[in-house]
Amino acid sequence: MAEFKQSSKLHNVLYDIRGPILEAAQQMEAEGHKILKLNIGNPAPFGFEAPDAILVDMIRHLPHAQGYSDSRGIFSARTAVSQYYQTRGIQNIGVDDIYLGNGVSELITLSLMALLEQGDEILVPSPDYPLWTASVSLAGGRAVHYSCVEEADWEPDLEDLEAKITPRTKGIVVINPNNPTGAVYSDSTLRRIAALAEQHGLIIFADEIYEKILYDGNTHTNMAAFTDEEVLCLTFSGLSKAYRVCGYRAGWMAISGPKKSASDYLEGINLLANMRLCANVPAQHAIQTALGGYQSINDLILPGGRLLEQRNKAYEMLNAIPGVSTRQAKGALYLFPRLDPEVYPIQDDERFVLDLLREQKILLSHGRAFNWHAPDHFRMVTLPAVADIEEAIGRMGDFLSRYEGN
């Protein structure tokens with residue numbers, strides 16, 4: 001029998017959020033165990049539902065959504081995205097600068113495949129959302145990680161970022177609000193990143209999928225507001241998180257900056273967009289209604305809102321566990337706690353998460369899955385109800401009180 005192996009292109013492609021730990025959890029579920037999943041930012045299983053207006057609009061358009069659309073997406077949805085950025089003070093994103101995708105994930109991979117030659121480098125934050133590192137590797141590039149500083153509320157270390165720019169560097173990834181840390185970057189940080197990109201002739205890839213999930217009066221400024229016509233900026237966002245419709249796979253990429261000098265690259269993006277024919281058409285019809293209607297996410301993030309209360313409870317209880325500390329999330333749906341190595345001499349954080357899973361039936365993501373350099377962090381989603389968070393962190397604290405490391 002012939003033996004078939006995976007392509008060597010996948011040797012450096014990792015996505016451990018859905019790796020061996022999830023497989024172990026699925027096996028336990030098959031054996032009848034109930035697992036509390038705190039590993040993925042998927043609102044629906046925790047009782048968060050899409051706004052009714054989005055569902056109604058999709059249903060009404062289903063009879064007209066059976067065929068392919070323009071490869072960039074339907075005109076009304078792209079117009080809505082363009083107008084949304086105009087309300088944010090960004091005037092140089094036209095309808096034809098918008099590409100709709102099957103979630104942001106597809107567009108991240110597409111944009112990097114169109115750009116990178118073998119060995120080209122992309123600067124990616126550490127910790128990161130691991131799809132960025134994986135997609136750079138899949139496209140033949142090399143992800144070079146710049147540090148984010150926990151003591152500075154996880155703001156990027158701009159000196160480290162600049163020191164890692166080489167002749168092979170093509171772009172900078174900025175994840176803001178940040179997954180996994182919950183950081184929301186200051187305007188001064190964004191301006192300095194834009195200045196570095198202009199100085200070195202780099203593209204900025206701005207992952208802003210959590211831009212509407214902000215707490216405690218924190219505000220988010222789009223990266224494209226600082227790049228103007230001097231820096232090519234690809235902005236990624238969508239409906240998955242703020243509108244609680246991850247399964248619809250409705251995302252977009254908005255291109256701003258000196259598009260004329262990037263015409264060859266943009267032709268490559270068009271080619272790949274044409275090859276995948278189009279994004280999910282029914283979900284495209286949700287975009288105009290979502291962006292133009294009542295923003296129900298505000299009910300969840302303001303005082304008394306469920307997302308805010310859950311974040312607060314998780315922060316309070318995690319910091320009460322001896323040897324555990326976490327910075328408060330300013331945005332997004334996660335905390336990224338630190339386990340003091342003096343208290344918990346953990347050498348293998350994946351093993352730690354597996355041990356917790358097997359004993360307490362709680363599923364987390366280990367820190368090194370996010371390209372963090374040490375086995376001393378983990379990521380926890382803050383989507384469960386307060387009572388579930390109390391139970392989960394209580395069991396976690398009990399586990400840690402007896403854990404001797406590995």
Side-chain angles (χ1 to χ4, degrees), residues 85 90 92-93 97 99 104 107-149 154-178 183 185-209 211 220-237 253-270 272 371:
Y85 286 115
I90 303 164
N92 59 348
I93 298 177
D97 300 321
Y99 290 80
V104 165
L107 296 167
I108 287 172
T109 301
L110 185 151
S111 67
L112 293 168
M113 292 289 289
L115 176 70
L116 297 179
E117 300 286 359
Q118 198 71 28
D120 283 347
E121 296 174 354
I122 296 290
L123 289 164
V124 180
S126 174
D128 70 348
Y129 174 54
L131 180 69
W132 280 104
T133 294
S135 295
V136 170
S137 298
L138 183 62
R142 175 174 173 259
V144 177
H145 293 96
Y146 63 88
S147 298
C148 296
V149 183
W154 292 111
E155 290 263 342
D157 182 339
L158 298 181
E159 291 184 2
D160 184 59
L161 189 158
E162 184 172 18
K164 289 175 176 173
I165 296 173
T166 74
R168 298 227 61 170
T169 306
K170 298 295 183 183
I172 304 170
V173 174
V174 178
I175 305 173
N176 179 44
N178 189 266
Y185 298 158
S186 66
D187 284 1
S188 62
T189 291
L190 298 177
R191 283 193 184 92
R192 291 176 64 188
I193 293 174
L196 284 173
E198 180 180 0
Q199 178 184 346
H200 295 277
L202 305 177
I203 300 172
I204 293 180
F205 298 87
D207 184 343
E208 299 178 346
I209 190 67
E211 62 183 304
H220 172 267
T221 306
N222 300 101
M223 188 76 226
F226 300 109
T227 55
D228 198 36
E229 288 299 321
E230 309 305 320
V231 175
L232 189 69
C233 183
L234 277 59
T235 300
F236 301 85
S237 195
M253 175 174 66
I255 302 174
S256 58
K259 292 180 277 284
K260 186 174 182 181
S261 63
S263 60
D264 192 62
Y265 173 40
L266 300 184
E267 283 181 18
I269 289 176
N270 270 324
L272 294 178
N371 292 291

| query | side-chain contact (heavy atoms from CB on, under 4.5 Å) between T109 and L138: does it pass, once the steps are laid out? | reply | CA-CA 8 Å; T109 301; L138 183 62; 4.3 Å; yes

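- Side-chain contact check for N371 and S126: no donor-acceptor pair (N or O, by modelled atom type) lies under 3.5 Å.
- For D120 (side chain) and G141 (main-chain N/O), no donor-acceptor pair under 3.5 Å exists by modelled atom type.
- In this structure, the separation between CD1 on I193 and CG on L202 is 11.5 Å, given to the nearest 0.5 Å.
- Side-chain contact between H220 and P177: present, with at least one pair of heavy atoms (C-beta onward) separated by less than 4.5 Å.
- Annotation: side chain of D157 is not in contact with side chain of Y146 (no heavy-atom distance under 4.5 Å).
- Of the possible polar contacts, none joining the H145 side chain to the P127 backbone as a donor-acceptor pair under 3.5 Å is found.
- Applying the side chain to side chain contact (heavy atoms under 4.5 Å, CB included) test between F205 and each of L123, L115, V136, I108 identifies L115 as the sole match.
- The shortest side-chain heavy-atom distance between W132 and S137 does not fall under the 4.5 Å cut-off.
- Side-chain contact, N178 with W154: no donor N or O sits under 3.5 Å from an acceptor N or O.
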>> Before you tell me yes or no, could you show the steps for I255 and L266 under side-chain contact (heavy atoms from CB on, under 4.5 Å), namely the whole-Å CA-CA distance, both residues' side-chain angles and the distance that decides it to 0.1 Å?
In response: CA-CA 9 Å; I255 302 174; L266 300 184; 3.8 Å; yes

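- Using a cut-off of 4.0 Å between Lys/Arg side-chain N and Asp/Glu carboxylate O, R168 and E121 are scored as not salt-bridged.
- The pair D97-K259 counts as a salt bridge, with a side-chain nitrogen and a carboxylate oxygen less than 4.0 angstrom apart.
- Here M223 contributes atom CE and I90 contributes atom CD1; the two are 10.5 Å apart, rounded to the nearest 0.5 Å.
- Between the S261 side chain and the P258 main chain, a donor and an acceptor come within less than 3.5 Å of each other.
- Interatomic distance, OG of S186 versus CZ of R192, reported as 9.0 Å (0.5 Å rounding).
- The closest side-chain heavy-atom distance from E162 to L158 is not below 4.5 Å.
- Nearest heavy atom pair, residue P125 against residue I175, reads CG-CD1, 3.9 Å.
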Distance-only criterion, 3.5 Å: show the donor-acceptor pairs between side-chain atoms of residues 227-237 and protein atoms not counting sequence neighbours.
unit_1 : atom_1 : unit_2 : atom_2 : d
T227   : OG1    : A224   : O      : 3.3
E229   : OE2    : N92    : ND2    : 2.8
S237   : OG     : E208   : O      : 3.3
S237   : OG     : E211   : OE2    : 2.8

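- Residues V144 and V124 have side chains not in contact (no heavy-atom distance under 4.5 Å, counting atoms from C-beta outward).
- Between the side chain of K170 and the main chain of I203, no donor-acceptor pair closer than 3.5 Å is present.
- The side-chain heavy atoms of L196 and L161, taken from C-beta on, include a pair separated by under 4.5 Å.
- The CG atom of L112 sits 11.0 Å away from the CG atom of L107 when rounded to the nearest 0.5 Å.
- Judged purely by atom type and a 3.5 angstrom limit, T189 has no side-chain atom pairing as donor or acceptor with the backbone of Y185.
- Of the inter-residue distances, the one linking D128 atom CG with T133 atom OG1 reads 3.5 Å to the nearest 0.5 angstrom.
- Of all the heavy atoms in A114 and L272, the pair that sits closest is N-CD1, 3.7 Å.
- For the residue pair N270 / Y99, a side-chain donor-acceptor distance below 3.5 Å is found, with atom types taken as modelled.
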